[in-house]
There are 2 protein chains.
Amino acid sequence: MLAAREPVTLRALVEGTGASTMAVYTHFGGMPGLWSAVRQEGFTRLAARLAAVPRTDDAVHDLAALGVAYARSALEHPELYRAMFDARADLADEAAADAAFDRLVDAAARAREEGRLDPGTDPRTLATQVWAAGHGLVSLVVQGVLPAEVLAPLATGTTAALLTAAGDDAGRCRASVERAWAAG
Amino acid sequence: MLAAREPVTLRALVEGTGASTMAVYTHFGGMPGLWSAVRQEGFTRLAARLAAVPRTDDAVHDLAALGVAYARSALEHPELYRAMFDARADLADEAAADAAFDRLVDAAARAREEGRLDPGTDPRTLATQVWAAGHGLVSLVVQGVLPAEVLAPLATGTTAALLTAAGDDAGRCRASVERAWAAG
DNA sequence: GCTGAACCATAGCGTTGCTATGGCATGATG
DNA sequence: CATCATGCCATAGCAACGCTATGGTTCAGC
């Protein structure tokens, strides 16, 4: 189900780089600091990736496109994604993670303003639901529990279901979401 | 965001038990074998917990009740849940995990047979979507990213959205799902 | 040219998972 | 009853781990 990986050791990392183990301590503050830096880099890249998703006049499509970018980013660097959600180190600065999440909230808010969603819809709640569902799917795929082929259809269906439940028209919603996955 | 935990060491485990480190090797085959046994135990308990959820004449309610049992099981033993989806060890026997998942598939299939869902609905696909979304929510809660209070409302909404998208009546679906969460 | 700070290579400490070895039970066999 | 074989565990020790102490090197500023 899950494959065991050889551990990342400090000595193995510096081997061949010409540097000694001490450099890791002066620059990152030991192994926990290195893990924090890796996680930070992961969230920074993710935020940059989501920030590059253009805003169109179809906010539902944009919300799905953010999900596509999220999934692509995770599948291109599975180890980085695993490290981002590994609890071996703290995350010093949550600004990058918050920035990434705010993109989702913004898309949900715009979808509501466009009249696609019920006026009573809370953008943060909807964004959290989309994120959690996408995170679950991506995690299972990255861990090898689910095959990668099922990600797109399952994510499409779940995203469309959540947005339709939030008030969007079923057919129009599905079209927007599928267009995002086809473009990504 | 995520809290660093002190590592589980072999010597610390046997300390105070009167046993030596050697017993771990004769019984479990070292540290990887111990992790595998822990994961196995986790999935076995989860399967037993889901098997104890009674089948009623409302399969949609049963599907949601399985999700409630899943979440309760994870939140009562967060470390065990983390270990179950930690990739540090292989899972020798997937029978328990499959049995747990089959309960979800069974509930989805019964909901379709009851006429609650579209005839074209694939029970496995729906079960996978529900599982992945629930796993994402539970994982984020267990890791401390999301507060525990939001689990029930978010899970309720996501489950109802998926089942409604699969063809169930929105109001009736929501009532069944909320009843499951209220009972759990 | 001198000084001070920043940086890193080396050596070593305590701890980790793991293995080799020997002692101690228990049970079958003659 | 004596003997041997087998399974199990405590002890000791090994290689490797993360980490720290220390001393050497480099380079800017006066």
Side-chain angles (χ1 to χ4, degrees), chain A residues 1-45 77-94 96-97 139 142-145, chain B residues 1-45 77-94 96-97 139 142-145:
Chain A
M1 181 176 181
L2 300 182
R5 301 182 301 277
E6 65 274 9
V8 177
T9 67
L10 178 60
R11 286 175 166 82
L13 275 178
V14 299
E15 188 182 5
T17 65
S20 74
T21 65
M22 203 48 211
V24 178
Y25 288 87
T26 57
H27 284 299
F28 299 99
M31 211 59 180
L34 204 158
W35 278 107
S36 295
V38 169
R39 295 191 55 197
Q40 204 72 250
E41 174 73 14
F43 279 107
T44 301
R45 287 193 193 183
H77 301 285
E79 296 83 5
L80 187 57
Y81 189 77
R82 271 193 290 253
M84 287 165 62
F85 290 95
D86 206 15
R88 258 171 291 192
D90 294 315
L91 192 62
D93 186 13
E94 305 187 14
S139 293
V142 162
Q143 292 180 344
V145 181
Chain B
M1 180 172 181
L2 301 181
R5 304 182 301 277
E6 66 275 11
V8 177
T9 67
L10 177 61
R11 284 175 169 82
L13 275 177
V14 299
E15 188 182 6
T17 64
S20 74
T21 65
M22 201 50 211
V24 178
Y25 288 87
T26 57
H27 283 300
F28 299 99
M31 212 58 182
L34 204 158
W35 277 108
S36 294
V38 169
R39 296 191 56 197
Q40 205 73 249
E41 174 73 14
F43 279 106
T44 301
R45 288 192 191 182
H77 301 285
E79 295 82 6
L80 186 58
Y81 188 78
R82 272 193 289 254
M84 286 165 62
F85 290 96
D86 207 13
R88 258 171 292 191
D90 294 315
L91 192 61
D93 187 12
E94 305 187 15
S139 294
V142 162
Q143 292 180 343
V145 180

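Because only heavy atoms are used, hydrogens play no part in the values below, and waters and symmetry mates are left out as well, while side chains stay in. If you're wondering where the values come from, they're calculated on a predicted model, not measured in any experiment. Chain A is the first sequence line, chain B the second, and so forth, proteins listed ahead of strands; every chain is numbered from 1.
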Original post:
Looking at B:R82 and B:V142, what are the two nearest heavy atoms and their distance?
Top reply: NH1-O, 3.0 Å
Subject >> For the student: nearest non-hydrogen atoms of B:F85 and A:Q143, plus distance >> reply: O-NE2, 3.2 Å
Is any side-chain heavy atom of [X] less than 4.5 Å from a side-chain heavy atom of [Y]?
X     : Y     : result
A:V14 : A:V24 : yes
B:F28 : B:S36 : no
A:L34 : A:V8  : no

**OP:** Please determine, for the side chain of A:T21, which listed nucleotide (C:dC8, C:dT19, D:dT20) has the closest atom?
**Re:** D:dT20
Subject >> Proximal nucleotide (of C:dA9, D:dC19, D:dC9) relative to the A:M31 side chain >> reply: D:dC19
**OP:** Starting from the C-alpha separation in whole Å, work towards a yes-or-no answer on side-chain contact (heavy atoms from CB on, under 4.5 Å) for A:V38 and A:E79.
**Re:** CA-CA 10 Å; A:V38 169; A:E79 296 83 5; over 6 Å; no
[X] near the nucleic acid: base, sugar-phosphate alone, or nothing, with a heavy-atom cut-off under 4.0 Å?
X     : value
B:T9  : sugar-phosphate
B:G18 : sugar-phosphate
B:V24 : nothing

Would you kindly give the [atom1]-to-[atom2] distance between [X] and [N], to the nearest whole Å?
X     : N      : atom1 : atom2 : answer
A:L10 : C:dT15 : CG    : C1'   : 15 Å
B:L34 : C:dT16 : CG    : P     : 15 Å
B:R11 : C:dG14 : CZ    : C1'   : 11 Å
A:Y25 : D:dT20 : OH    : P     : 6 Å
B:L13 : C:dT15 : CG    : P     : 17 Å
A:F28 : C:dC7  : CZ    : P     : 13 Å

Subject >> Nucleic acid footprint by protein, nucleotides 22-27 of chain D - heavy-atom cut-off 4.0 Å, B for base, S for sugar-phosphate alone >> reply: ------
Original post:
Within the pair A:S20 and C:dC8, is there a side-chain N or O less than 4.0 Å away from OP1 or OP2?
Top reply: no
Original post:
Can you tell me how far CG of B:D86 sits from CG of A:D86, rounded to the nearest 0.5 angstrom?
Top reply: 6.5 Å
